[in-house]
Amino acid sequence: MKGAWLGTKAKAYIPPFLLEENMKEEGLVEYFEHFLENNTIFKKKLVLQSHYAPNTITHRDEQINAVAKILAPTLRGEQTSNLFIYGKTGTGKTLVVKHTTEKLLHIAQQRDIKVKVVYVNCKLKRVADTEYRLLAQLARSFGKEIPATGLPTDEVYNVFYEVIDSTRCINILVLDEIDQLMERAGNDILYNLTRINSELKESRISLVGISNDLSFTDKLDPRVKSSLSEEELVFPPYNALQIQDILRRRSDLAFHENVLEPGLIEKCSAYAAREHGDARRALELLRVAGEIAERECQQQVLIAHLDKAEQKIENDRVYHIVRTYPKQSQVILYAILCLHLKKRELFFTGEIYELYEYLCKKLNFRPLTQRRVSDVLSELDMLGLIRARIISKGRYGRMREISLSIGETILPLIKKTLEESLGL
DNA sequence: GTCAATTCACATGAAAGAGACCACGGTCTAGTG
DNA sequence: CTAGACCGTGGTCTCTTTCATGTGAATTGACGA
């Protein structure tokens, strides 16, 4: 049972492909001791983690100043314009907003000015991804407990208005990944939030919306758009040199001296720049490369580790999605997998549905309708597990042309996982 | 040969249903003084 | 008399189905050269 001891706790489950070949039960104690003694790679790994907030933010001075200028009037007790920030992932939007609001709060506290900042990530599943949940979450952050469900939304609005008004101060609501909220809950919630000040007597609210989706404002209701985007800021992606600089600063804190192979940072930033200047991804890559080097008991993080890290991150992602996917969707993915393994490059919606129906019959599942399967297929496409393209074959109809985009290295494991999960 | 109409096989959108989960208020019941 | 169990009602949320409409190029068939 190689590695079973690592896999007993469901949440900390480590996929089999990560397990060390050289780690047998008898060597366990030695391994742990060796691990502790040989802490030669990381000085402070935390620095490379995505939620780490550095003291100084590099290459974002312009944006910090802009946010500060817009939010500064709160210090005089004035309501500010609503601010809308957009830029691709890993361009430092959240970091800049959190950094600036923290400093603002600091000054406010020193001068005894009543300002409150509430940060909510609207993407968080089952936390703030619907109208009700967002309001409940906001009310909660003002100290009012609201049940997870059961109350009418109107009532939650009332509670929220009351609790906000009772603060008697300027409140800055930061809604991160606001596009996700819009997608799920529609324009109404944003419209209501932008109009909230007319309902309040004692307090004021300023909204800061953050979105990864550059075309988000196009989808907004014009009424919401004009009031939410009173001020707009675009965060450009970092270029390779900037990412290099960021990586260098962070790695100085995170790693011991001379641990990184020369050229590693450059390679890492080149990877990230290729991925549209995503600094978060670059840091993750560096951290995982370090972890791999550590696990291999190496003294240095090598470029080869970087390549492994890239592969590992992708494999982990795919593996996690597949394992946590609902059963029905797993059957659909399995059908696609089977078609792919029949060494077919491309296949179409109809073929997949046919095989899916067959598999359902075999598994004693009630098959979903084609309509639903169509949605699942586009979900799979969005998750990057398949590539789907809508094509028209003229007289022979319009359909998705689908190919699998799971790496060949992880394919056998995915197949096995699906078979185990489905009991095939 | 040309061109408009037709056709196919889904894609996509909207609305609504099913079932899980939860809060709340009213009613019932058993235990206590 | 009271605390706790139980139940019905009304709410949200997610997943799903049903129904309706949209799509785009190959095919078809009428028409004229």
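Not measured: the values here are computed from a predicted model.
The distance from atom OH of Y157(A) to atom C1' of dG11(C) is 16 Å, rounded to the nearest whole Å. To the nearest angstrom, P of dG24(C) lies 16 Å from CD of E401(A). The distance from atom CG of N158(A) to atom P of dG11(C) is 14 Å, rounded to the nearest whole Å.
Within the structure, every side-chain polar atom (N or O) of T369(A) is placed at least 4.0 Å from both OP1 and OP2 of dT16(C). Taking only side-chain nitrogens and oxygens, T130(A) comes nearer than 4.0 Å to OP1 or OP2 of dC13(C).
Counting heavy-atom neighbours within 6.0 Å of K393(A) NZ, excluding the residue itself, gives a total of 12 or less.
The nucleotide whose nearest atom lies closest to any side-chain atom of R400(A) is, among dT16(C), dC13(C), dT12(B), dT12(B). Distances were taken from every side-chain heavy atom of R395(A) (C-beta onward) to each of dT12(C), dT14(C), dT28(C); the shortest belongs to dT28(C). The side chain of R371(A) approaches dT17(C) more closely than any other nucleotide in the set dT28(C), dT17(C), dG24(C). If you check dC13(C), dA26(C), dA11(B) against the side chain of T349(A), the one that comes closest is dA11(B). When each of dT27(C), dC10(B), dT17(C) is scored by its nearest atom to the side-chain atoms of Y396(A), the top-ranked nucleotide is dT27(C).
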Exercise. For Y356(A) and Q328(A), what are the C-alpha separation, side-chain angles and deciding distance, and is it a side chain to side chain donor-acceptor pair (under 3.5 Å)?
Worked result: CA-CA 9 Å; Y356(A) 160 76; Q328(A) 288 282 9; 2.6 Å; yes
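Backbone-only engagement by T153(A) is indicated by non-hydrogen atom pairs under 4.0 Å involving sugar-phosphate atoms exclusively. Within the 4.0 angstrom heavy-atom criterion, no nucleotide atom of any strand lies near E131(A).
Note that K98(A) lies in the cation-pi zone of Y119(A), set by a 6.0 Å cut-off to the ring centre and a 45° limit from the axis.
A donor-acceptor contact under 3.5 Å links the side chain of R398(A) to the base of dT23(C).
In this structure, F255(A) and F42(A) have parallel ring planes: the angle between them is below the 30° cut-off, well short of the 60° mark.
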